[in-house]
Amino acid sequence: VPILEDNDAGITITKQRLKPDPELICWSRDHFLVAIMCFIGLSVWCLGVPILLYLNIWAMKDRQSPDNNRKYGFFIQGYEPQFWWWDIIV
């Protein structure tokens with residue numbers, strides 16, 4: 001949230017503040033640490049989980065077996081066997 005503040009020279013400037021915690025100035029040291037943690041978490045969730053899922057299914061000898069279909073059928077059912085990866089990638 002942009003907030004107007006007077007600096008030491010008496011000039012009015014706009015500072016970005018975090019809406020849930022207005023004491024925290026955006027992209028200050030404290031905010032930057034939280035932003036890095038959020039970026040790492042989003043990266044793991046958006047890239048790490050699909051990559052691990054892809055590797056688990058790719059390593060299977062028989063993707064059509066009932067046991068594998070029970071575990072991973074949500075991702076591979078309804079696709080031609082050579083295009084099992086489509087739902088994971090998209």
Side-chain angles (χ1 to χ4, degrees):
V1 175
I3 296 178
L4 296 174
E5 296 180 357
D6 291 332
N7 65 2
D8 295 336
I11 300 171
T12 302
I13 58 172
T14 303
K15 285 193 176 181
Q16 295 289 327
R17 300 261 181 184
L18 201 59
K19 190 172 186 177
D21 184 11
E23 296 296 318
L24 189 60
I25 298 172
C26 292
W27 303 112
S28 65
R29 184 173 186 265
D30 293 334
H31 182 253
F32 192 69
L33 293 174
V34 172
I36 287 175
M37 289 189 316
C38 291
F39 179 75
I40 291 169
L42 282 171
S43 298
V44 168
W45 182 253
C46 295
L47 297 174
V49 171
I51 288 171
L52 287 175
L53 182 63
Y54 175 87
L55 293 174
N56 279 342
I57 296 174
W58 178 72
M60 291 180 195
K61 289 183 176 37
D62 181 17
R63 293 182 194 97
Q64 303 301 323
S65 74
D67 188 41
N68 290 335
N69 199 16
R70 210 172 303 119
K71 286 182 182 177
Y72 301 104
F74 180 79
F75 300 103
I76 59 178
Q77 250 179 356
Y79 294 104
E80 296 292 326
Q82 67 269 24
F83 298 113
W84 61 268
W85 48 267
W86 183 256
D87 195 34
I88 298 168
I89 301 300
V90 174

Across all chains, not counting sequence neighbours, the side chain to side chain donor-acceptor pair (under 3.5 Å) partners of Thr14 are none

Can you name the closest pair of heavy atoms from Asp87 and Phe74 and give their distance?
OD2-O, 3.8 Å

For Ala35 versus Trp27, what's the shortest heavy-atom pair and its separation?
CB-CZ3, 3.7 Å

More than 12 heavy atoms of other residues, nucleotides or ligands under 6.0 Å from CD of Glu23: is that the case?
no

Please say yes or no: joined through hydrophobic side-chain contacts below 4.5 Å, possibly via intermediate residues, are Ile51 and Trp85 part of one cluster?
yes

Minimum heavy-atom distance Trp84-Arg63, with the two atoms named
NE1-CZ, 3.4 Å

Considering non-hydrogen atoms only, spot the tightest contact between Ile88 and Pro50 and give its length.
CG2-O, 3.6 Å

Which residues share a salt bridge (Lys or Arg N to Asp or Glu O under 4.0 Å) with Arg70, sequence neighbours left out:
Asp67

Using the rule that Ile, Leu, Val, Met, Phe, Trp and Tyr join whenever any side-chain heavy atoms are under 4.5 Å apart, tell me whether Tyr72 and Trp86 fall into a single cluster.
yes

Got a second to check how far Phe75's CZ is from Tyr54's OH, nearest 0.5 Å?
15.0 Å

Applying the 4.5 Å side-chain criterion to the ILVMFWY set and letting contacts propagate, would Trp58 and Met60 be lumped into a single cluster?
yes

Please examine the side chains of His31 and Ile25, heavy atoms only from C-beta on, and report whether any two atoms are closer than 4.5 Å.
no

Looking at residues at least two apart in the chain, or sitting in another chain, which of them share a side chain to side chain donor-acceptor pair (under 3.5 Å) with Ser65?
Asn68

Tyr79 atom OH, neighbour heavy-atom count above 12 within 6.0 Å:
yes

CD1-CG distance between Ile57 and Leu52, expressed to the nearest 0.5 angstrom:
11.5 Å

Measuring from atom NZ of Lys71 to atom CD1 of Ile76, what distance do you get when rounded to the nearest 0.5 angstrom?
12.0 Å

hydrophobic_cluster_shared for Leu55 and Phe83, side chain cutoff 4.5 Å
yes

Going only through I, L, V, M, F, W and Y residues with side-chain contacts under 4.5 Å, is there a path from Phe32 to Met37?
no

